[in-house]
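Reading through the structure tokens given below for one structure.
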Amino acid sequence: MMLAFLLTITTALGAPIEIQELPWRSGQSTVFVADFDLDTRGEVAVLTGNRLDVFERNRRDAVFSLAMPEGTAVIDVLDANQDGTADIIAVSGADILRIPVSADDEENETVVCFSRENQYSDYVGIPFPGVLVVMREKTPLVALPCDDALELRTLEGKLIDSYPIGMAAPRRLSLGQPFSVWANPYAQLAGPGALEFRVSSVSTYKPLLPDHSLPIRIAEPSGRLGTARQQREAATLDAERWPWFTINTNDTRMVRALYARSDAPGGETLMRVRHVPVDSPTGSNTGDDTGPLRRYPGLLLRHPEVLPDFDGDGFHDLLLWKSKRIAPTVDGLARAVAKGTWPIWIIAHRYAPEKKRFSDEPFAQIEVALPLGWYLNSSGANPFRTILLNDMDGDQQSDFGCLVDEQTLAIWRSGPEGVESEPGFRHRFPEAVLGVEFEEDLEGQGRKTVVLRSKNHLYLLRPDTTFAP
């Protein structure tokens with residue numbers, strides 16, 4: 001039986017944070033969320049090898065465990081036959097399987113729905129979650145990628161539709177995570193004259209699907225990320241070519257923050273605010289309402305997915321970090337090494353919609369002591385290993401959290417007067433935290449559970465959704 005450790009901590013945030021510890025093997029396990037009990041809330045599932053374990057909130061052990069059939073490639077979870085019980089739909093070789101979800105092992109009888117050779121038939125490896133079943137006119141259909149076509153079939157195997165996806169298809173269908181690769185003319189890792197490639201696995205695109213095939217909505221991009229090098233280069237370019245992030249959007253316009261980095265000592269971020277019509281081409285910065293250039297001490301601190309709103313007004317705020325330099329003397333280095341940490345300041349500037357700019361005065365300013373090695377190894381780039389920008393206490397304002405060492409997480413609460421100067425939550429995990437696995441609203445109440453991963457465990461930080469601030 002797979003066991004989970006459960007701990008509830010009441011913090012200065014004003015609400016308990018439940019920490020659930022799940023078994024996990026880094027590099028061997030896959031975690032995903034699905035509604036296994038059909039209560040509209042997500043359960044956390046861990047696939048390790050061919051073993052599937054499902055965990056609920058407030059439970060120390062797995063509520064459901066199953067050994068997937070040998071050769072299983074991909075699985076999906078839903079009430080496939082609409083009998084009120086969730087099913088696992090899986091592809092194993094050429095067989096399409098249905099496995100009822102039940103805590104009673106005797107009821108987990110595997111049924112072969114039909115057989116059809118497909119692109120997963122020769123898969124060798126551990127199972128992984130994927131989209132296998134789609135709904136069309138309230139009927140579940142298996143979406144099966146075959147050699148030359150994406151086929152939609154009923155659970156009995158009846159062919160409903162087929163869309164060409166092979167080399168001769170009029171339109172191509174890309175399966176898997178998209179990525180881009182190109183030759184890098186200015187080698188950064190290799191020596192002069194070496195052939196170096198750059199690969200980007202972060203992209204926004206609309207796949208070329210046949211007309212009226214599957215209902216699909218593509219979210220508008222929330223920004224265009226800029227690396228430290230790109231931010232420095234942007235300062236010499238026209239604002240149309242600057243990286244940006246979204247401040248706010250409505251039916252008629254999107255407000256964007258264009259940013260670049262100057263060469264000022266200590267770090268300085270250049271900002272311009274631009275109002276862009278919503279019908280502007282995707283990724284374009286064209287617009288006729290652009291504010292003047294403003295300078296803010298510090299360097300931009302970006303979360304890969306979440307934009308902060310520290311005052312809860314619906315407009316994303318500006319988050320910066322800065323630090324002082326270590327004195328380049330023997331005495332200065334000795335003092336830094338003896339202390340073992342280095343101070344980093346986090347500065348937040350709220351967006352003022354009436355002025356169409358970020359405020360000059362910081363809305364919040366806190367000091368974080370990070371391990372000295374993190375700062376030295378960052379070479380002037382972002383020294384943080386992990387940051388969180390979720391609303392952990394239910395007041396509709398972003399809170400700030402980060403790892404302050406390899407095993408300790410601290411969270412600072414946002415309030416009417418800004419972000420608190422001292423963390424209201426601090427917890428030390430038994431293992432080094434390697435990063436954030438995912439952040440998801442498991443309860444469907446607008447507050448995300450943060451899932452951290454270590455070598456042997458997942459740590460679920462669940463906010464208490466019964467708490468009313």
Side-chain angles (χ1 to χ4, degrees), residues 7-20 222 245-248 298 300-322 343-351 358-359 362-370 382-405 407-429 433 435-452 459-469:
L7 175 67
T8 300
I9 302 176
T10 301
T11 76
L13 291 176
I17 292 180
E18 177 186 300
I19 300 178
Q20 190 175 9
S222 60
F245 63 85
T246 299
I247 299 175
N248 178 267
L300 189 68
L301 182 60
R302 283 292 308 269
H303 186 286
E305 296 181 1
V306 182
L307 294 167
D309 180 8
F310 291 111
D311 56 357
D313 65 351
F315 293 85
H316 294 134
D317 302 316
L318 176 62
L319 186 63
L320 306 168
W321 72 274
K322 66 178 181 180
I344 307 294
W345 285 271
I346 299 296
I347 308 103
H349 295 263
R350 66 177 296 272
Y351 182 75
F358 293 103
S359 61
F363 175 75
Q365 193 164 213
I366 61 176
E367 181 179 339
V368 183
L370 293 184
N382 172 13
F384 290 88
R385 297 287 179 88
T386 296
I387 65 170
L388 305 177
L389 295 173
N390 295 324
D391 171 20
M392 299 299 293
D393 57 358
D395 62 358
Q396 309 303 312
Q397 296 176 240
S398 299
D399 302 306
F400 177 80
C402 68
L403 287 177
V404 295
D405 61 45
Q407 294 179 243
T408 305
L409 177 74
I411 298 176
W412 288 257
R413 178 183 179 273
S414 296
E417 304 302 322
V419 180
E420 295 174 339
S421 59
E422 296 296 329
F425 171 86
R426 184 183 290 266
H427 180 74
R428 186 169 179 83
F429 298 97
V433 176
V436 177
E437 186 65 17
F438 65 85
E439 302 172 46
E440 193 62 64
D441 180 9
L442 301 183
E443 308 294 329
Q445 297 188 26
R447 296 171 65 187
K448 290 185 177 181
T449 293
V450 179
V451 180
L452 305 175
Y459 305 108
L460 279 65
L461 276 65
R462 296 179 181 264
D464 186 354
T465 54
T466 64
F467 170 76

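Just so it is clear, the values below take in all heavy atoms, side chains as well, and ignore hydrogens, waters and symmetry mates.
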So CG of Asp391 and CZ of Arg413: to nearest 0.5 Å the spacing works out to 9.5 Å
Correct closest heavy-atom pair for Thr386 and Gly435 would be OG1-CA, 3.8 Å
Check: Are Ile17 and His427 side-chain neighbours, meaning at least one heavy-atom pair lies under 4.5 Å?
Finding: no
When every non-hydrogen atom of His316 is compared with those of Asp309, the smallest separation belongs to CD2-CB, 4.5 Å
Between Asp317 and His349, the two heavy atoms sitting closest are CB-O, 3.4 Å
In terms of heavy-atom contacts, Pro383 and Ile344 come closest through CG-CD1, 4.1 Å
Heavy-atom closest pair (Leu409 atom, Leu403 atom, distance to 0.1 Å) is CD1-N, 4.1 Å
Result for ring-ring contact (aromatic ring centres under 6.0 Å, His included) between Tyr351 and one of Phe363, Phe358, Phe310, Phe245 points to Phe358
Do Tyr459 and Phe429 have their ring centres less than 6.0 Å from each other? yes
When rounded to the nearest 0.5 Å, the distance separating CD1 of Ile347 from CH2 of Trp321 is 10.0 Å
- Check: Val433 and Thr408 side chains under 4.5 Å, non-hydrogen atoms: no
Separation between CD (Gln407) and CZ (Arg428), nearest 0.5 Å, reads 4.0 Å
So CG of Leu460 and CD of Glu440: to nearest 0.5 Å the spacing works out to 11.5 Å
Value for CG (Leu442) from NZ (Lys448), rounded to nearest 0.5 Å, stands at 11.0 Å
**Report entry** Donor-acceptor under 3.5 Å (Asn248 side chain, Phe315 main chain)
**Finding:** no
Original post:
Does any non-hydrogen side-chain atom of Arg426 lie less than 4.5 Å from one of Val404?
Top reply: yes
(Q) Checking Leu300 against Leu320 for the side-chain contact (heavy atoms from CB on, under 4.5 Å) test, could you report, in this order, the C-alpha distance in whole Å, the side-chain angles of both residues, the deciding distance, and whether it holds? (A) CA-CA 5 Å; Leu300 189 68; Leu320 306 168; 4.3 Å; yes
For Leu389 and His303 the tightest heavy-atom approach is CD1-CB, 3.7 Å
Would you say the side-chain atoms of Asn390 pair up with the backbone N or O of Met392, donor to acceptor, closer than 3.5 Å? no
### Query
Is there a donor-acceptor pair closer than 3.5 Å between any side-chain N or O of Asp399 and the backbone N or O of Ser414?
yes
CG (Leu388) and CD (Glu439) are apart, to the nearest 0.5 Å, by 5.5 Å
